[in-house]
There are 2 protein chains.
Amino acid sequence: MTHIEVRNDAAANRVTIADVAALADVSVPTVSRVLTGAAKVSRVRRERVERAIAELSFRPSAAARALASRRPQVIAIIAGDTSQYGYAEAIRGVEESARASGYTVMITVVESNDDAVVEKAIAATLSQSLAGIIVLKFDPPGVAALAQMPHEVPIVALSGVRDTSVPQAVIDETRAAEELTNYLLDLGHATVHHVRVPASRREDGRTTGWRRALRTAGRDVPVILDATWDPHSGVAVGAGIAASRDVTAVFCGNDEIAMGVIRGITDAGLSVPEDISVVGFDDHPLAALWSPPLTTVDQDFARLGRRGFSLMLAEIAGEATRKYSSERPPVVVRQSAAAPSRTRGGA
Amino acid sequence: MTHIEVRNDAAANRVTIADVAALADVSVPTVSRVLTGAAKVSRVRRERVERAIAELSFRPSAAARALASRRPQVIAIIAGDTSQYGYAEAIRGVEESARASGYTVMITVVESNDDAVVEKAIAATLSQSLAGIIVLKFDPPGVAALAQMPHEVPIVALSGVRDTSVPQAVIDETRAAEELTNYLLDLGHATVHHVRVPASRREDGRTTGWRRALRTAGRDVPVILDATWDPHSGVAVGAGIAASRDVTAVFCGNDEIAMGVIRGITDAGLSVPEDISVVGFDDHPLAALWSPPLTTVDQDFARLGRRGFSLMLAEIAGEATRKYSSERPPVVVRQSAAAPSRTRGGA
DNA sequence: GTGAAAGCGCTAACAC
DNA sequence: GTGTTAGCGCTTTCAC
């Protein structure tokens, strides 16, 4: 920890509740009462206080308030990443509802699922006097953070697959993946290949749904192809797919990977969807603009964030009722999938 | 404001510094000394304290600490948006450096530049006992927030164009836009059209740089075309461009708009860059994957965030030296721009 | 080096 | 309704 000299200029003469009380000629608790609405204050005094507050541009100190009331108005978000589309949207959703309810949002990134890294992030977060913590359980760091998190304050997870450890808002990706895979089978494909993004657990919902659809239909379950979160990793995978004549349909773990895969396929001289169908997952803002426009699943991450915050509010209030909010995202049919080519599919 | 009953379970029996002091058999200030390193503590006592801290899993309360020391360890970010690529990256950069320096990051979104909205966001932020505030001055809400912000704590802006109001980290988009426009002129285009994203001020740096390059070269300065932040707005603009025979080169305010514009042009049956050259700005993660791969400017937003946090640290320390950090982003040449078509350009 | 005492800005508990 | 008295969990004097 570095030590630094601090200028004590503006911060030093903060306007306090005592200044307001003095100007309004009332006691400090009376000011507090009009601030919190915790008890009735006579109209004359209330108006005097309000005038004083306005005149002094007084803003109560959240730190002091949290300390004294033991009811902090801060929600922390823990996430493995913040700049990826789905993460950023989920954070935006949480922030939006939180702000509307008078809460502030704090963010901590967990860079990896390394124990020490996770522990440090948790420590930094928990030192913060929080009303609650929302964990983005989308990837290994998020899962690790949730697992190591002490339950000192309410915890809510945002996730693609339900588990029972804590209250959570989920987008049911398993069901959606199943539906999307069935859509491809219905188009006439003998089977569907799967390009997976880094799993948040032993197996993520998209992979599970895909496998279930194939099993239910009695189809071959091809070997899973792996990509990273980087869309460019999809290009190499796409090139490999183009080279193997038995692939006619590909379900990618997210839209960005699908874009990379399509790029790899078209660079190899094949067409999507004429030669190979490719579908994604997420409905990324650029999915409709891609060539061809991507058939995908519309995951509303911002709403996921809002639903998560609602659960959090219930937790904070101690209403042990709703512990779970699930939503099944719709398949969005565009042009990147079609009936299989007659010249491919012969393994 | 809603009032809710609070369960007083876990939060009630927080481990405090007093518990640590008791277990280690030292006074409370001594524990504080080992925590902050503010004064020397004998080795025996220090080790006893450290053992007690570990045993009790003690975590100091940031709220209490901020209150007592008047040196909060929280940085607030105010932004007009958080989920857009550049914003999300900048936030990630700030968070990364902040976390490394023992600071926590708080986020407030300003939904619009409406006075009341801005005022509310500022009030919510300032109530938070902060070490400083970083404003993302990329759009009208950000600019408005910066303008209305009282200077009670250190303020740093992240921006594309320098102004002198507060210390700021900037990516010099004016120079980059000029360079990119010159690149198109050098390719042989008579002039360059410009599709603008919503301006952060009377005129943003990209537009200024574009105009300056055209003026310097003595070329026509065409009417500016406007797009929103939504990539789809670019499609209509692209269609219009395809229909007007005098356009041979287009400089778009960002990559996503460029993708929309390209889509509009190709939907009209023309090719990029054969018929019309289109360049973007940002180097979005998908820019290289687009067809054709986008020629653009590589803005490193995450580093912008890190540079901004460095300035903030200097401000907090009261070192009135570096008030400004600028970086000129490089042009990235890919395949979306080429020499002009001979069949177009005749106005 | 170390402890006792005071206080950061606010809310809670209790009288009146 | 309103003021007085106590703290929230920590850091900061200031003695020793």
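To find a chain, count down the sequence lines: A is the first, B the second, and so on, and within it residues start at 1.
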The residue, B/Ala64 or B/Asp25, whose nearest nucleotide of DNA chain C is more 5′ is B/Asp25

For B/Pro29, which contact category applies under a 4.0 Å heavy-atom criterion: base, sugar-phosphate, or nothing?
-> base

Taken to the nearest whole Å, CZ/A/Arg71 to C1'/C/dA12 is 10 Å

What nucleotide among D/dC8, D/dT4, C/dG1 has an atom nearest to a side-chain atom of A/Arg70?
-> D/dC8

Side chain B/Arg48, main chain B/Asp25, donor-acceptor under 3.5 Å = yes

Rounded to whole angstrom units, what separation is found between the CG atom of B/Leu67 and the P atom of D/dT11?
-> 11 Å

Whole-Å distance between D/dT2 C1' and A/Leu35 CG?
-> 16 Å

Among D/dT4, C/dT11, D/dC10, the one nearest A/Ser27 by side-chain distance = D/dT4

Report yes if a side-chain nitrogen or oxygen of A/Thr16 is closer than 4.0 Å to either non-bridging phosphate oxygen (OP1 or OP2) of C/dG9; otherwise report no.
-> no

Spacing of B/Glu47 atom CD relative to C/dG1 atom P, expressed in whole Å | 15 Å

Might you work through the side-chain contact (heavy atoms from CB on, under 4.5 Å) test for A/Leu136 and A/Ile91, ending with a clear yes or no?
-> CA-CA 9 Å; A/Leu136 269 50; A/Ile91 291 169; 4.2 Å; yes

Separation of D/dG9 P from B/Ile53 CD1 (nearest whole Å) = 16 Å

D/dC10, D/dG1, C/dG9: which one has an atom nearest the side-chain heavy atoms of B/Ile17?
-> D/dC10

Output field: ring centroids B/Phe309/B/Tyr103 closer than 6.0 Å = yes

Phosphate OP1/OP2 of C/dT11 contacted by A/Ser32 side-chain N/O (<4.0 Å) = yes

The nucleotide from D/dG3, C/dG3, D/dC10 with an atom nearest the side chain of A/Arg45 is D/dG3

Assess the side chains of B/Asp163 and B/Ser165: does a donor N or O sit below 3.5 Å from an acceptor N or O?
-> yes

Taking D/dC10, C/dG3, D/dC8 as options, the one with an atom nearest any side-chain atom of B/Arg14 is D/dC10

Using the C1' atoms only, state how far D/dG3 lies from C/dC8, rounded to an integer number of Å.
-> 22 Å

Using only heavy-atom distances, decide whether a donor-acceptor pair under 3.5 angstrom links the side-chain of A/Arg33 to the base of D/dG3.
-> yes

Could you pull out all residues at least two apart from A/Ser27 that satisfy side-chain hydrogen bond (donor to acceptor under 3.5 Å, both in side chains)?
-> A/Thr30

Would you mind reading off the distance between B/Lys40 atom NZ and C/dG3 atom C1', rounded to a whole angstrom?
-> 19 Å

Closest of D/dC10, C/dG9, D/dT12 to the B/Ser69 side chain is D/dT12

Phosphate OP1/OP2 of C/dT11: any A/Arg65 side-chain N/O under 4.0 Å = yes

Using a cut-off of strictly less than 4.0 Å, decide whether B/Thr30 has a side-chain nitrogen or oxygen near OP1 or OP2 of C/dG3.
-> yes

Distance-only donor-acceptor check, side chains A/Thr82 and B/Glu95, under 3.5 Å | no

Let me know the distance between CG of A/Leu130 and P of D/dC8, rounded to the nearest Å.
-> 20 Å

Contact class for A/Val31 (heavy atom, under 4.0 Å): base, sugar-phosphate, or nothing?
-> nothing

Can a side chain N or O of B/Arg59 be found less than 4.0 Å away from OP1 or OP2 on D/dG9?
-> no

Between CG of B/Asp19 and C1' of D/dC10 the distance, given in whole Å, is 13 Å

